[in-house]
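Structure record follows, encoded as structure tokens.
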Amino acid sequence: MEGKCIGEPCNFSGVKPVMVDLPYPPVRVREKNPSYADLLSIDYCGSVSELTAIAQYINNENRLASEKCPMAQALLGMAVCEMIHLQKLGELIVLLGGDIGFSARGRNGRPVLWTPSCLNIPAEYSKMLSADMEGEKATINQYELHISWIEDECVNAVLRRIIQDEEYHIMMLKALQKE
């Protein structure tokens, strides 16, 4: 039985990463350092992490696509940028001698598995954007803390460049809130 399809299509072809138009520094490390790899695993897949940001942006984008297509497209672009961050962190973790997985190793060394409970996904779109903004701010604070602990300028240069994208996302989210 044929029925009528519902929903207004939102075209995502051509969506590009929402990021600062600056190159990333080369992904290098001075030397292997598993404790630095553990710190970056928190940024990779901790409760405040690139993996959390990707999942949260994609979830919000899916829920907004039929009603607020331009906003959904912007969130997808931010998710794609967060994927680039995840990839760069993964490269750094491996170079530092760490393992890539979906568990972060905190200062105590015990693994904490990433789960969807890390997400903050309110139903109302203005609250979604606020939750996304709070996530970006928390991410920046965490990166700044990790930069203060990591004594490897090669690693810190990549983290500082990632922070620039996160700050740009906050600016974009503020603009989306005004719409």
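Predicted model only: the values in this text are computed from it and were never measured.
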Handout entry: Asp132 and Gln56 side chains, donor-acceptor separation under 3.5 Å
Key = yes
Problem - Donor-acceptor pair, side chain of Asn62 and main chain of Ile58, under 3.5 angstrom - result: yes
Exercise for the section: Return the minimal non-hydrogen interatomic distance between Cys45 and Ala104, and the atom names on each side. Expected result: SG-N, 3.8 Å
Exercise for the section: Return the set of residues passing salt bridge (charged side-chain N to carboxylate O under 4.0 Å, His left out) with Glu151 (not counting sequence neighbours), or none when no residue passes. Expected result: none
Handout entry: Spacing of CE belonging to Met83 relative to CG belonging to Leu51, to within rounding of 0.5 Å
Key = 10.0 Å
Practice task
Compare every heavy atom of Trp114 with every heavy atom of Pro116, then report the nearest pair and how far apart it is.
Solution key: N-CZ3, 3.8 Å
Exercise for the section: Evaluate the criterion side chain to side chain contact (heavy atoms under 4.5 Å, CB included) for residue pair Leu95 and Val155; output intermediate values, then yes/no. Expected result: CA-CA 10 Å; Leu95 289 172; Val155 173; over 6 Å; no
Exercise for the section: Output the distance between atom OH (Tyr143) and atom CD1 (Ile150), rounded to the nearest 0.5 Å. Expected result: 10.0 Å
Practice task
For the residue pair Val48 and Asn141, establish whether any side-chain heavy-atom pair is separated by less than 4.5 Å.
Solution key: no
Handout entry: Residue pair Leu86 / Tyr44, side-chain heavy-atom distance below 4.5 Å
Key = yes
Problem - For Ala55 against Leu119, the heavy-atom pair lying closest together - result: CB-CD2, 3.7 Å
Handout entry: Residue list, side chain to side chain contact (heavy atoms under 4.5 Å, CB included) with Gln87, at least two apart or on another chain
Key = Glu91
Problem - All side chain to side chain contact (heavy atoms under 4.5 Å, CB included) counterparts of Asp99, not counting sequence neighbours - result: none
Exercise for the section: Taking the side chain as every heavy atom from C-beta outward, state whether Leu129 and Asn60 have any atom pair closer than 4.5 Å. Expected result: no
Exercise for the section: If a pair satisfies disulfide bond (SG atoms under 2.5 Å apart) and one of its residues is in residues 126-176, list it, with sequence neighbours excluded. Expected result: none
Problem - From Cys81 atom SG to Leu76 atom CG, the distance as rounded to the nearest 0.5 Å - result: 11.5 Å
Completion exercise
side chain to side chain contact (heavy atoms under 4.5 Å, CB included) filter on Ser103, not counting sequence neighbours, yields Pro111, Leu113
Handout entry: Residues in salt bridge (charged side-chain N to carboxylate O under 4.0 Å, His left out) contact with Arg160, at least two apart in sequence or another chain
Key = Glu153
Exercise for the section: Can you sort out the partners of Glu179 under side chain to side chain contact (heavy atoms under 4.5 Å, CB included), two or more places apart, ordered by chain and number? Expected result: Leu176
Problem - Gln164 side chain reached by Tyr168 side chain, heavy atoms, under 4.5 Å - result: no
Problem - Working for side chain to side chain contact (heavy atoms under 4.5 Å, CB included), residues Ile162 and Thr139 - result: CA-CA 10 Å; Ile162 290 172; Thr139 299; 5.9 Å; no
Exercise for the section: Verify whether one side chain among Asn33 and Asp152 offers a donor that lies under 3.5 Å from an acceptor in the other. Expected result: no
Completion exercise
Applying side-chain hydrogen bond (donor to acceptor under 3.5 Å, both in side chains) to Tyr36 and not counting sequence neighbours gives none
Practice task
Report the distance from atom CG of Leu92 to atom CG of Leu40, rounding to the nearest 0.5 Å.
Solution key: 6.0 Å
Practice task
Mind jotting down which residue pairs meet the salt bridge (charged side-chain N to carboxylate O under 4.0 Å, His left out) criterion with at least one end in residues 48-71? Sequence neighbours excluded, please.
Solution key: none
Fill in the blank from the handout: Between the OH atom in Tyr125 and the OG atom in Ser130, the distance rounded to the nearest 0.5 Å is 11.0 Å
Exercise answer: donor-acceptor pairs, residues 15-27 side-chain atoms, under 3.5 Å, sequence neighbours excluded:
{"residue": "Tyr24", "atom": "OH", "partner": "His85", "partner atom": "NE2", "Å": "3.3"}
{"residue": "Tyr24", "atom": "OH", "partner": "Asp165", "partner atom": "OD2", "Å": "2.3"}

Handout entry: Student check: side-chain heavy atoms of Ile140 and Glu144 closer than 4.5 Å
Key = yes
Practice task
Grab the two heavy atoms, one from Pro122 and one from Met128, that are nearest each other, plus how far apart they are.
Solution key: O-CG, 3.3 Å
Problem - Short side-chain to backbone donor-acceptor contact, Asp38 and Arg105, under 3.5 Å - result: no
Exercise for the section: Kindly compute the distance separating CD1 (Ile93) from NZ (Lys88), expressed to the nearest 0.5 Å. Expected result: 13.5 Å
Handout entry: disulfide bond (SG atoms under 2.5 Å apart) partners of Cys69, counting only residues at least two apart
Key = Cys10
Practice task
Report the residues that fulfil salt bridge (charged side-chain N to carboxylate O under 4.0 Å, His left out) with Lys174, sequence neighbours left out, ordered by chain and then residue number.
Solution key: none
Exercise for the section: Spell out, as yes or no, whether a donor-acceptor pair under 3.5 Å connects the side chain of Asp43 to the backbone of Gln142. Expected result: no
Practice task
Identify the heavy atoms of Ile42 and Ser49 that sit nearest to each other, and give their distance.
Solution key: O-CB, 3.4 Å
